Amino acid sequence: MSTSAAPVPEGPSGVGEGAPSALQRVFGALRAIPVVWYLTIVLWVWIAAINPLFAEPSGFLAYLKQAAPLAILAAGAFFVLASGEFDLSVGSLVTVCVVVAAAISDGDPSKTWPVIALLFVIGLIVGLINGVVTTIFRVPSFITTLAMLLILDGAVWLYTSGSPKGALADNFREIGRMGIEVPVIDQLPYSVIILVAIGAFSAWLMRRHFGRQVLAVGDNDRAAALSGINVTRVRITAFVLSALSAVIAGILLGGFAGVTAQVGQGLEFEAITAAVLGGTVLGGGRGSVINAMAGALALTALFSWLNLQGVSGAFEDAVEGVIIIAAVAVASYRLREGS
Amino acid sequence: MRGIKKDFLGVHVLHGIDLECAAGEVHAIVGENGAGKSTLMKILAGVYTPSAGEIIIDGTPQKFNHPLEAQQAGVSIIYQEFNLLPDRTVAENVFLGREPKKGFIVDRAKMERDTAKLLHEFAPDDPIAPDELVGRLSVAQQQTVEIAKALSLDSKILVMDEPTASLAAHEVERLFDRVKRLRERGMAILYISHRLKEIFELAQRITVLKDGNKVKTVNADEVTSAELVKLMVGRELDQYFPPRGDPSKRGDVKLRVRGGATEVLSNIDLDIHAGEILGVAGLQGSGRTELARAIFGADPFLEGTVEIDGKPVKINSPKQAIAHGIGFVSEDRKTEGLTLAQSIRDNVALAWRGLARGRRSQLSINVKDLCQAVELRSRGGLGQEVRYLSGGNQQKVVIAKWLATEPQLVIFDEPTRGIDVGAKAGIHDLIRGLANEGVAVLMISSELPEVIGMSDRIIVMRNGQIAGELPAGPTEAEIMFLATGEEDIEAKTEADLAKIQEELSSAGEGGKS
């Protein structure tokens, strides 16, 4: 049969509406920009006002370089959150990556690429386990990934007895630290290139079948399953993407953080905070991956700003907590408003 | 209540209802399921806030933002599901949150004394000890406690929602006695019931609701039960159905089930032909929805064989069913059919995205054309979230979703539930349009006129089996005969027929109203 099962009405369809005025359109477009971008830009301007170096290319790129691991984690967290699940294991997976890479390569530059391949395999396995346990064994992801966090942390302690062995080779550390020499802006960090590539890839993915299915599954997994969507596969893939984002973040962080058993600590919550700040709705079905990454940029900027205000770094956790509650409260208030 | 209107997410549930109830009156509210009775009562009780209209109690306009405010204004409501704490005593329940105090301590003795006095006043025939745990009481006694609670609150208005639904016959008599006592005390009672006999025994006036409109308020002694049924059902409103298919154009058997059985179903032998609408009727729990879910692979057949186009197939999941060209417009589109927070575009493409890659690339879809094919009207464009659409338009999105997969067989489970009368005809046209294009259609409905008006053939289910098959255009009595298995259906009065009709239509509602 053709798609016109019923007589198609003459003339224009009922879909669409009259054109709004120019002013309305500008106003509407401004309103359509998510709040997180305004927040990010305000913070940028404010920081630049306090510290003019920030406005220079090198200063700004240094900030982006610093924000890149979190933004990449936020992209990974977005897929899991949008599908209606949680991933609390990414922070300890970052630690595992750094510790394992240091122990195995022990400063030998020739081992860097095999080690990176190994890290991706570890990430793939962790993501698969998270996904399979959550979907097939029906353990709530909150529990699954919390247990994974404990298991990975425990494994790191067992493996290192608390003080990681070995060192990262220089060419491994360069990925997070160095960049390509570019005339005007001096140096374009690799991490910024990777950040942009992952942002573009994630945005592309969200426009593909997979991305639309992630949102559909997070919104209503029953309806999705009854529409023939393979809910299990979609969710497992989301967990794998999240774990792989942790591997990439771990490789970048290995470059500028030291090799410690605490390098990834707390990153799972920072990533979720960033995604939520970027408008991702906990429970799934709503949000945009680019905005989630912008949430990470805003969060990093916020921490820099707090730093410039003389607020101790120890205060960051409390700030995160406040942001999570506030962002979730605003989101649920808006959803109610909308209905 | 004046001009009460209520929308849920853009769906108009009540279209401006006026209702008045005097002190010392029992005012019955009747109507089919989905007529808006419960919504109207929940507005009165402050559970919902009306979209328009006002509530006036003793001449004072009221605005309730919370059930507690309604309670303070003298409105009590007794739901079918009681609001009692089973692990607390009768007296504790009656005075919950308002316990009499002696200093800081609850004055248990006074509380129990007052409760006993209250209970004795209107229920002297059934002594309930104030210190008994509510969970140990019978349903009827719990109901008495609910009434005592309303009395202790000095309520002026009492809403009773289907109070006799779970009572035995002798308990019903007692309840009537209590309701009459309350009436004599000057209480205004709004009484919701399906049972016409009760209504005539208790009520002075009767208001009939249908599809969110007030049909009429009548004095109980000026109307017969037959007239009341006519007002409730209001058949003439939706008499229109599209013309049936031409039997000579009926195609080959599309789907054949032999000996199909699940935990609920047994001995299912079924043929659905291309180009026909096979209607499925039956009472609640007869296995209609289970049949649909079995065919669709959601709760697959455990025994028996299924053939499509004469070839045996195994369908163990919706995904496999869809791959075989089956679509399923389920009973509850909000929880099973749609992803409400996603756009029209994404919902229409949902099932198509689930297809295997090869099949998907064969069927390039155009969401705009599909929306036109189902005559979807949305002011917000294709990017609009479907939760903002009306019930009728939401259903059209679900149908468009299946059109996108170019199905050979579409199963409709209660296709017009919760849809405005006007939009129903549109859905009926779409279903017939599918059949005319050669699609096999299985249509489940608890609305008998719909099954009769739409189907080329009807099967009637009873106890998980197919009780019989009827040709196009049977009478309601023929269907009910098969559905109930009662021999003397012809002898039943018109009011009894209406009752069975009510049971039929309450079937899928899951006792919601």
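None of these values were measured; they are calculated from a predicted model. Naming convention: chains lettered A, B, ... in sequence-line order (proteins, then strands); numbering from 1 in each chain.
- Chain B is approached within less than 4.5 Å, heavy atom to heavy atom, by no residue from residues 124-145 of chain A.
- For a residue to count as touching a neighbouring chain, one of its non-hydrogen atoms must lie under 4.5 Å from one of that chain's; by this rule B:Glu385 touches chain A with the side chain only.
- Proximity to chain B (any heavy atom under 4.5 Å) is shown, for A:Ala216, by both the backbone and the side chain.
- Applying the salt bridge (Lys or Arg N to Asp or Glu O under 4.0 Å) definition to pairs two or more places apart or across chains, those involving residues 222-238 of chain A are A:Glu85-A:Arg235, A:Asp221-A:Arg235, A:Arg222-B:Glu336.
- In B:Asn366, the CG atom is crowded: over 12 heavy atoms of neighbouring residues, nucleotides or ligands sit closer than 6.0 Å.
- Here the CH2 atom belonging to B:Trp402 is positioned 5.0 Å from the OG atom belonging to A:Ser227, to the nearest 0.5 angstrom.
- For B:Arg432, no part sits under 4.5 Å from any heavy atom of chain A, backbone or side chain.
- Within residues 197-214 of chain A, the residues approaching chain B closer than 4.5 Å by heavy atoms are, in numerical order, A:His209, A:Arg212, A:Gln213.
- In terms of heavy-atom proximity, B:Pro318 sits nearest to A:Ala225 at CB-O, 3.6 Å.
- Although no hydrogens or angles enter the test, the distance criterion places no donor-acceptor pair under 3.5 Å between the side chain of A:Asn220 and the main chain of B:Ala341.
- By the salt bridge (Lys or Arg N to Asp or Glu O under 4.0 Å) test, B:Lys254 is found to be paired with B:Asp309, residues two or more places apart in sequence or in another chain being considered.
- Here CG of B:Asn347 is found 7.5 Å from CG of A:Asp219. Values are rounded to the nearest 0.5 Å.
- Of the listed residues (B:Gly327, B:Ala321, B:Ala298, B:Gly354), the one with the most heavy-atom contacts under 4.5 Å to chain A is B:Gly354.
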Please assess B:Leu350 against A:Ile229 for the test side chain to side chain contact (heavy atoms under 4.5 Å, CB included), listing each intermediate value before the final yes or no. CA-CA 8 Å; B:Leu350 188 62; A:Ile229 304 291; 4.0 Å; yes
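- A:Leu226 contributes atom CG, which lies 8.0 Å from atom CD1 of B:Ile322 (distance to the nearest 0.5 angstrom).
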